Amino acid sequence: MTAIFITTNEATSILPGRGGLFGRLSDAFWRHPKLLLFLMLTPPLLWLGIIYIGSLLALLLQSFFSIDDFSGLVNYEFTLSTYAQLLNPTNFDIITRTFVMAALVTIASALIAFPIAYYTARYAQGKWKALFYLGIMLPLWSSYLVKIYAWKLILAKEGILTWIFEKLHLSWLLDGILNLPVIGGNSLSVSYLGTFIVFVYIWLPYMILPTQAALERVPGNLIEASSDLGATPRQTFRTVLLPLALPGIVAGSIFTFSLTLGDYIIPQIIGSSRLFIGQAVYTQQGTAGNVPLAAAFSVVPIVIMALYLWLAKKQGAFDAL
């Protein structure tokens, strides 16, 4: 028997390079894919670095200057006296008031959002789930200012809410609420309670959506297993649902807390004359012309949110975004 070996040498065919500028660029990007990635990322990174981070660094730098009391001009010498002014009773009250409002809005949004998100994640199907998303997203499509001014009319002394209380013969209840110290006022539209209501309404969708996304990822068999093992609904909620939904709640709280912390339009239109941080920044930078103090006020929410994001990261909140 004769074995015949046939050796075939196949030459690798290489296509010739394409002519023209675009052809040469295409060939260069194909040979060096990292070059294409670099060119694609450079413009947004420059925008982020120069416009966003650069402006924050400039703001931080301004906060270490001070205002000359005699001339009213900025004294470009390094000092911590501007930050010391934040500890004055008036300025510290502004920081405390804003922080408490942001915390209360976040807690209230979580309490309202959880049952809505749970029902949608567990029971809503098909067109009902589509209706849910439409109902949550539809308010976000309307103008921010239009919604605030609409609420101002609703909460006004001559508004529909007062009319409803009168028709239900509950005017005494509304008057009692308005007579409460701190949160009350002449009407809901000029009270902290009114500001709180509008904050919750405006930011509530940002709490519902991450919470609903977290609850969607909770396996139904875990809830059934908890029930089969004899756990009460309260125990199932505390030991199964809440720990698994907590990252979504914390993710939503990042939005509600930070947006409330920095907002100045809602307190400007609805609420009392007492300032929040956003209003203080606007007033000091514009009317008073005290840019260093405005910068120092602006640093406060940045520091608070940095600490809050660090805690949220430990809770795994970014996994639910």
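Along the sequence shown, residues are numbered consecutively beginning with 1. Since this is a predicted model, take the numbers as computed values, not measurements.
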Q: Among the clusters formed by ILVMFWY side chains lying less than 4.5 Å apart, do Trp151 and Tyr192 turn up in the same one?
A: yes
Q: Between CG of Asp263 and CD1 of Ile202, what distance do you get to the nearest 0.5 Å?
A: 8.5 Å
Q: Is the backbone N or O of Phe114 less than 3.5 Å from a side-chain atom of Thr211, with the two atoms forming a donor-acceptor pair by type?
A: no
Q: Distance check, rounded to the nearest 0.5 Å: Ser171 atom OG versus Lys167 atom NZ?
A: 10.5 Å
Q: Could you tell me if the side chain of Tyr118 sits less than 4.5 Å from the side chain of Gln212, heavy atoms only?
A: no
Q: Could you give me the CA-CA distance, side-chain angles and deciding distance for Val190 and Ser272, then say whether side-chain contact (heavy atoms from CB on, under 4.5 Å) is met?
A: CA-CA 5 Å; Val190 291; Ser272 65; 5.9 Å; no
Q: Could you tell me whether the side chain of Ser187 reaches within less than 4.5 Å of the side chain of Thr162, counting heavy atoms only?
A: no
Q: List the atom pairs, with distances to 0.1 Å, where a side-chain N or O of residues 246-262 and a protein N or O form a donor-acceptor pair under 3.5 Å, not counting sequence neighbours.
A:
{"residue": "Ser253", "atom": "OG", "partner": "Val250", "partner atom": "O", "Å": "2.5"}
{"residue": "Ser253", "atom": "OG", "partner": "Tyr308", "partner atom": "OH", "Å": "2.5"}
{"residue": "Thr256", "atom": "OG1", "partner": "Thr106", "partner atom": "OG1", "Å": "3.3"}
{"residue": "Thr256", "atom": "OG1", "partner": "Gly252", "partner atom": "O", "Å": "3.4"}
{"residue": "Thr256", "atom": "OG1", "partner": "Ser253", "partner atom": "O", "Å": "3.3"}
{"residue": "Ser258", "atom": "OG", "partner": "Ile254", "partner atom": "O", "Å": "2.6"}
{"residue": "Ser258", "atom": "OG", "partner": "Phe255", "partner atom": "O", "Å": "3.3"}
{"residue": "Thr260", "atom": "OG1", "partner": "Trp203", "partner atom": "NE1", "Å": "3.3"}
{"residue": "Thr260", "atom": "OG1", "partner": "Thr256", "partner atom": "O", "Å": "2.7"}

Q: Should Phe99 and Ile304 count as side-chain neighbours, where that means a heavy-atom distance under 4.5 Å?
A: yes
Q: Residues sharing Leu87's hydrophobic cluster, by side-chain heavy-atom contacts under 4.5 Å among ILVMFWY, directly or via others?
A: Phe92
Q: Glu216 and Arg122: salt bridge (Lys or Arg N to Asp or Glu O under 4.0 Å), yes or no, with the steps?
A: CA-CA 7 Å; Glu216 285 275 7; Arg122 292 283 296 162; over 6 Å; no
Q: Do side-chain atoms of Asn91 reach the backbone of Gln85 as a donor and acceptor pair under 3.5 angstrom?
A: yes
Q: Return the CG to CD1 distance between Leu178 and Ile183, rounded to the nearest 0.5 Å.
A: 9.0 Å
Q: Would Ile269 end up clustered with Leu153 when hydrophobic side chains under 4.5 Å apart are linked, directly or stepwise?
A: no
Q: Do Val303 and Leu59 belong together in a cluster built from hydrophobic side chains that touch within less than 4.5 Å?
A: no
Q: Donor-acceptor check, side chain of Asn88 to backbone of Thr90, threshold 3.5 angstrom: yes or no?
A: no
Q: Which distance, rounded to the nearest 0.5 Å, do you find between the OG of Ser191 and the CG of Leu155?
A: 7.5 Å
Q: Ignoring hydrogens and angles, tell me if any N or O in the side chain of Gln284 forms a donor-acceptor pair with the backbone of Val281 under 3.5 Å.
A: no
Q: Is there a side-chain contact between Phe165 and Leu168 in this structure, where contact means two heavy atoms from C-beta onward sitting under 4.5 Å apart?
A: no
Q: Got a second to check how far Ile266's CD1 is from Gln268's CD, nearest 0.5 Å?
A: 12.0 Å
Q: To the nearest 0.5 Å, what is the distance between CG on Leu222 and CG on Leu241?
A: 9.5 Å
Q: Between Tyr264 and Thr283, is any pair of side-chain heavy atoms under 4.5 Å apart?
A: no
Q: Taking Arg97 for the side chain and Leu275 for the main chain, is one N or O donor matched with an acceptor at less than 3.5 Å?
A: yes
Q: Are Phe64 and Tyr83 near enough that their ring centres are under 6.0 Å apart?
A: yes
